[in-house]
Amino acid sequence: MVINEIDRKQNRSLESKLSLVIPIYQEGSHIRSSIGVIESVLIKNNLCYEFILVDDGSKDNTWSEISQMAKDNVHISALRLSRNFGKESALCAGLEYADGDMVLVMDADLQHPPELIPEMVQAWREGDYDVVEGVKKSRGKENLIYHLCAKFFYYVIYRTADINLGRASDFKLLDRRVVDAWKEMPERAIFFRGMSAWLGYDRKQIEFDVAERVNGKSKWSFLRLIRLAVNAITSYTSVPLHCITILGIIMFVGTIVLGIQTLYMKFTGKAMDGFTTVILLQLLIGSSIMVSLGMIGIYLTKIYKEVKNRPRYLISKCIRGGEKK
Ligand code: UDP
Ligand code: MG
């Protein structure tokens, strides 16, 4: 159904329901207080809301905390994934469960400032924007290597896929039709930020300072981040595969030039002393082939995972707000 522009704006009223999707992994020690802080902002601003708390297979007391909260509070629903599927899958579970007119995605550690929520909702209500996203004023504290890798990753994505993720965050408010469009995207390997950037729609950006984590530490190890980056790059661009072809062409041309030079030296009778060169060239060609095969392998693995078509996540428990079970 296509809703015309005027109807769409009128549909965005004070009664519109906001669903907050929050992926949670091992945050049991402070989840109750974090949700309390967010909820007090929502109540103060008279918003109509529901929380969808997704426990991404935590091993601490996260589930017992959020399941109890869901039983005590009609505004809170709790989902538990059957194991740790990763933040992106937890987000996906929450987005598929949410039925609000707008859906806000945020972290459980208060690094996304709840005080910004009323401003984001207001921007959505005014009707000109379908996505209101928080962008980081600065990237917060991170070490030099991490910083350089992140810069390189964003540069590659920007130059090859034309998606600017530079200061983007997962702190986003999406209109219902954007969520529905998001749900239509069939891929198994999810990268929320990239997928929502790919969708387009009218966007408003609001800057925020990344707060310190309330408790615990970041769940993203360096290795996990690299995995996410490789997934993102290979999901949005096939440029690395084209690079292999270009590399092959450059080496082919180089070989022809070297061949002509060798022939020339042979006919002019100059002695050839090329042992080191031969070894070096062999190493160069060998390593280029290995890198190229590796790169093709990454894409192949991706296709393999996609065609297996396994579910993105499995829900083992679900408590709807206020359900006393
Ligand atoms: N998270 C998750 N599953 C994971 C890792 C993290 O649901 O496997 C959640 C985590 O509980 C938090 C959000 O994703 O709500 C962001 O995680 P974190 O704070 O560790 O990431 P950072 O802020 O360092 O990017
Ligand atoms: Mg965090």
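Order of listing sets the numbers, starting from 1, for every ligand and every atom in it.
- Note on Lys87 versus Asp56: no salt bridge recorded, every NZ/NE/NH1/NH2 to OD/OE distance being 4.0 Å or above.
- Looking at atom 8 (O) of ligand 1, its nearest protein heavy atom turns out to be Arg224 NH2, 2.7 Å.
- With respect to the salt-bridge test (charged N to carboxylate O, under 4.0 angstrom), the residues Arg32 and Glu65 qualify.
- Looking only at heavy atoms of the protein, atom 18 (P) of ligand 1 is closest to Arg213 NH2, 3.5 Å.
- The atoms of ligand 1 that sit less than 4.0 Å from any heavy atom of Gly86 are 3 (N), 8 (O).
- Looking only at protein heavy atoms, the nearest one to atom 9 (C) of ligand 1 is Pro23 O, 3.6 Å.
- For atom 24 (O) of ligand 1, the nearest protein heavy atom (residue, atom name, distance) is Ser218 OG, 2.5 Å.
- When the heavy-atom distances from atom 12 (C) of ligand 1 to Glu27, Gln26, Lys87 are ranked, the shortest goes to Glu27.
- Close approach of ligand 1 to Asp107 (heavy-atom distance below 4.0 Å) involves ligand atoms 13 (C), 15 (O), 16 (C), 23 (O).
- When you scan the N, O or S atoms of Asp109 for the one nearest the Mg ion (ligand 2), you land on OD2.
- Counted by atom type alone, Asp55 and Ser58 present one or more donor-acceptor pairs between their side chains at under 3.5 Å.
- Among protein heavy atoms, atom 25 (O) of ligand 1 sits closest to Trp220 CD1, 3.6 Å.
- Annotation: atom 23 (O) of ligand 1 to nearest protein heavy atom, Gln111 OE1, 2.7 Å.
- A perpendicular orientation is assigned to the rings of Phe153 and Phe191, their planes being inclined by more than 60° (bins at 30° and 60°).
- At the top of the distance list for atom 1 (N) of ligand 1, counting protein heavy atoms only, stands Tyr25 CB, 3.7 Å.
- Ring centers of Phe51 and His75: at least 6.0 Å apart, outside the cut-off.
- Of all atoms in ligand 1, listed by their number and element, those nearer than 4.0 Å to a heavy atom of Asp109 are 19 (O), 23 (O).
- Of all the heavy atoms of Asn84, the ones lying under 4.0 Å from any atom of ligand 1 belong exclusively to the side chain.
- For ligand 1, the atoms sitting less than 4.0 Å from at least one non-hydrogen atom of Asp56 are 2 (C), 3 (N), 4 (C), 7 (O), 8 (O), numbered in the order shown with element in parentheses.
- Of all protein heavy atoms, the one lying nearest to atom 5 (C) of ligand 1 is Lys219 CB, 3.5 Å.
- Between Asp209 and Lys137 there is a salt bridge, with a side-chain nitrogen of the basic residue lying less than 4.0 Å from a carboxylate oxygen of the acidic one.
- A distance-only check finds no donor-acceptor pair linking the side chain of His112 to the backbone of Met106 [under 3.5 Å].
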